There are 2 protein chains.
Amino acid sequence: MVTINDIAKRANVAKSTVSRYLNGGSVSQKTKEKLNQIVAETGYTPNTFAQSLKAKKTNMIGTIIPRLDSYSANEALASIDEELRERNFQLLITNTNQLSAREIESIYSLAKQKVAGILLFATVITEEHKKAITEVGIPVILLGQQAEGFYHIVHEEYQAGYKLGKYATRLGHKDFLYLNVFEADVAVGQLRKNGVLAALKEEKESSVEMVEVSFSFEKAYEQALKLLPTLKATYIFCATDNIALAVLKAAHKLGLEVPTAFSLSGFGGYQITSIVTPSITTVKYAYKELGQVAVQNLIKLLDGEEVPEEVQLTNELIANESTQQY
Amino acid sequence: MVTINDIAKRANVAKSTVSRYLNGGSVSQKTKEKLNQIVAETGYTPNTFAQSLKAKKTNMIGTIIPRLDSYSANEALASIDEELRERNFQLLITNTNQLSAREIESIYSLAKQKVAGILLFATVITEEHKKAITEVGIPVILLGQQAEGFYHIVHEEYQAGYKLGKYATRLGHKDFLYLNVFEADVAVGQLRKNGVLAALKEEKESSVEMVEVSFSFEKAYEQALKLLPTLKATYIFCATDNIALAVLKAAHKLGLEVPTAFSLSGFGGYQITSIVTPSITTVKYAYKELGQVAVQNLIKLLDGEEVPEEVQLTNELIANESTQQY
DNA sequence: GTGAAAGCGCTAACAC
DNA sequence: GTGTTAGCGCTTTCAC
């Protein structure tokens, strides 16, 4: 392996000169040219560890995600990666398998590996999360969940719910079923629901039944199989597209036709909602933008610039075949 | 930040003793206890860079993938991550956006970052790939594509095609359309097709039309929209599930019913093939196992053990609603 | 503009 | 079993 010392010797200069040359310090035109050539010849590239050992920081950004196989995470991840690459940062991904404890663990372990900053897709922000974020002392930006006193980038969840609720009542529906996820998940379990409920409340005589189902497709499918046969509602809100997909499959299995038997909508805007038959009405979230803003703000933070504590991303209602006039 | 030196001073021993204690060298019971306590108190954790600087290697494994948003890559990635975590390795993911040049680039840049080994999901193995792999001098395992002289783990692509071909002829079909991807992709573009063709050839009077379509859902969908109206075949093989999905959507758009109008099958076993209506006949690949074997073999390689140059993973035909007797 | 020297935190001989 | 010592490859004063 060729080191800065080798370069220095070959160029007959001190290694400090080479270092300066490498880092844009003042070097004479002549030595610069000589060094240019030697570096090219030898294919020298600095040892990152030695650099980091001195600088006490790296060009790595850690990203903590709950699942590797979720559409939203992947969309965001792809744009994070793209954005990071442009800035010569490396992406370190840690998958927590939806284990909250692992999120905490990952914050510390990423910090230990001296990542410059952390992007955290969390589901629930506990006191332990806050403690970890405070302790590690490197910039952390929360993605998808808000927490006061911490940087976070979120979707307009409440507004998404409100839009969808308005849309459903405008279609003339009065009886609703809302398949929610556990409420500890503020963004998905509470805000979306509250938005929907607010819209429904503006309509007199509407009734909503709430049922909690699983995030998992398989489990939600099983639960839907039990719920649908005795369904009174004419419109089903699902807290995620994944759940809507499960309901659709269950309906298909039970011989119920959507939207004839009932209208159905999700949240998220996953690509697959437009592929299935009928295509599913949903709210399309700005995942790519989330990734971009996340990186941009993190870099600003690293550069000591200021960024707003909260960024809200807008979304868009996509009316599809799964919903119809009542 | 607390260093090995701080620990040593507080314990009144030399830092080498602390180092030995940390790395399982021989230390007296007494100092061990003292050190235990001090480390716990201070929350000391060794600086990875200093360690890596000496050891000239890390506990990081680089994984190069063409897309962050593909089902197969994510399945494999999830199990790679899991497997790596158990062994205290860190996953460094590099997304190439399906750019071959970036694959080469990534091999070098990962090597530069001193990853211990590389897992490479490639689409096409060029001479440049081979050159890069040889040059970096760290273990590289190819995933999903084979290349002589290099470690690789692949699916039984040919057999998958053969199974599906047999299945289709047994259903009584004689006229086939095969929607293939570009042939430079040996695993997907050649082996699968060859397997299917071999099976069809065993049936007299069968005819196959070959058409090349895109990997991308949107493009394949557009292409299918043009192809389907003049379709003569009664059975369409698609080189990937993604393409099958696109064909299904196009059929739906055109008012053609599957499998009444034609039978349809894909390759891959993506979860979504079982969600859509009709569910799609496909061959389920062992992505999770791919990840597991990949990590296991890579670790063996790191430990200087021998592993077979080629590992083939079996797969399973999943007959679904999209195919029927002719 | 350039070089000498110190040191980042750690590991690994080697001597005791 | 423990301490001394010499680096790993780099950056950064500080003289010159």
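What you see is a predicted model; the values in this text were computed from it and never measured. So you know, we letter chains A, B, ... as the sequences are listed, proteins then strands, and number each from 1.
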Tell me which pairs pass side-chain hydrogen bond (donor to acceptor under 3.5 Å, both in side chains) where either residue lies in residues 59-70 of chain B, with sequence neighbours left out.
B/R67-B/D69, B/S70-B/S72

If you take any heavy atom closer than 4.0 Å to DNA chain C, which residues from residues 30-38 of chain A end up in contact?
A/T31

Output the rounded distance in Å from CD (A/Q29) to P (C/dT2).
11 Å

When rounded to the nearest 0.5 angstrom, what distance separates OG in A/S79 from CG in A/N74?
11.0 Å

Indicate for each nucleotide in nucleotides 3-16 of chain C, in 5' to 3' sequence, whether protein heavy atoms under 4.0 Å reach the base (B), only the sugar-phosphate (S), or nothing (-).
BB--BBBBBB----

Using only atom types and a distance under 3.5 Å, with no angle test, would you say the side chain of A/S19 pairs donor to acceptor with the backbone of A/K15?
no

To the nearest 10 degrees, how far apart in direction are the end axes of the helix from C/dG1-D/dC16 to C/dC16-D/dG1, each fit to five base pairs?
30°

Anything under 3.5 Å between a donor and an acceptor, one on a side chain of residues 287-303 of chain A, the other on a protein residue two or more places apart or in another chain? List them.
residue: A/Y287; atom: OH; partner: A/G268; partner atom: O; Å: 3.4
residue: A/Q296; atom: NE2; partner: A/E83; partner atom: OE2; Å: 3.2

Tell me if a side-chain donor or acceptor on A/R85 pairs with a main-chain N or O of B/N95 at a distance below 3.5 Å.
yes

Validation: residues 136-153 of chain A side-chain donor-acceptor distances under 3.5 Å, sequence neighbours left out:
residue: A/Q145; atom: OE1; partner: A/A187; partner atom: N; Å: 3.2
residue: A/Q145; atom: NE2; partner: A/T123; partner atom: O; Å: 2.8
residue: A/Q145; atom: NE2; partner: A/D185; partner atom: OD1; Å: 2.6
residue: A/H152; atom: ND1; partner: A/A147; partner atom: O; Å: 3.3
residue: A/H152; atom: ND1; partner: A/F150; partner atom: O; Å: 2.8
residue: A/H152; atom: NE2; partner: A/E310; partner atom: OE1; Å: 2.6

Heavy-atom count check: over 12 atoms from other residues, nucleotides or ligands less than 6.0 Å from B/E128 CD?
no

Heavy atoms of other groups near A/K131 NZ, more than 12 under 6.0 Å
no

Gap separating the CG atom of A/L53 from the CG atom of B/L53, nearest 0.5 angstrom
6.0 Å

A side-chain contact here means heavy atoms from C-beta on lying under 4.5 Å apart; do B/L92 and A/L92 qualify?
yes

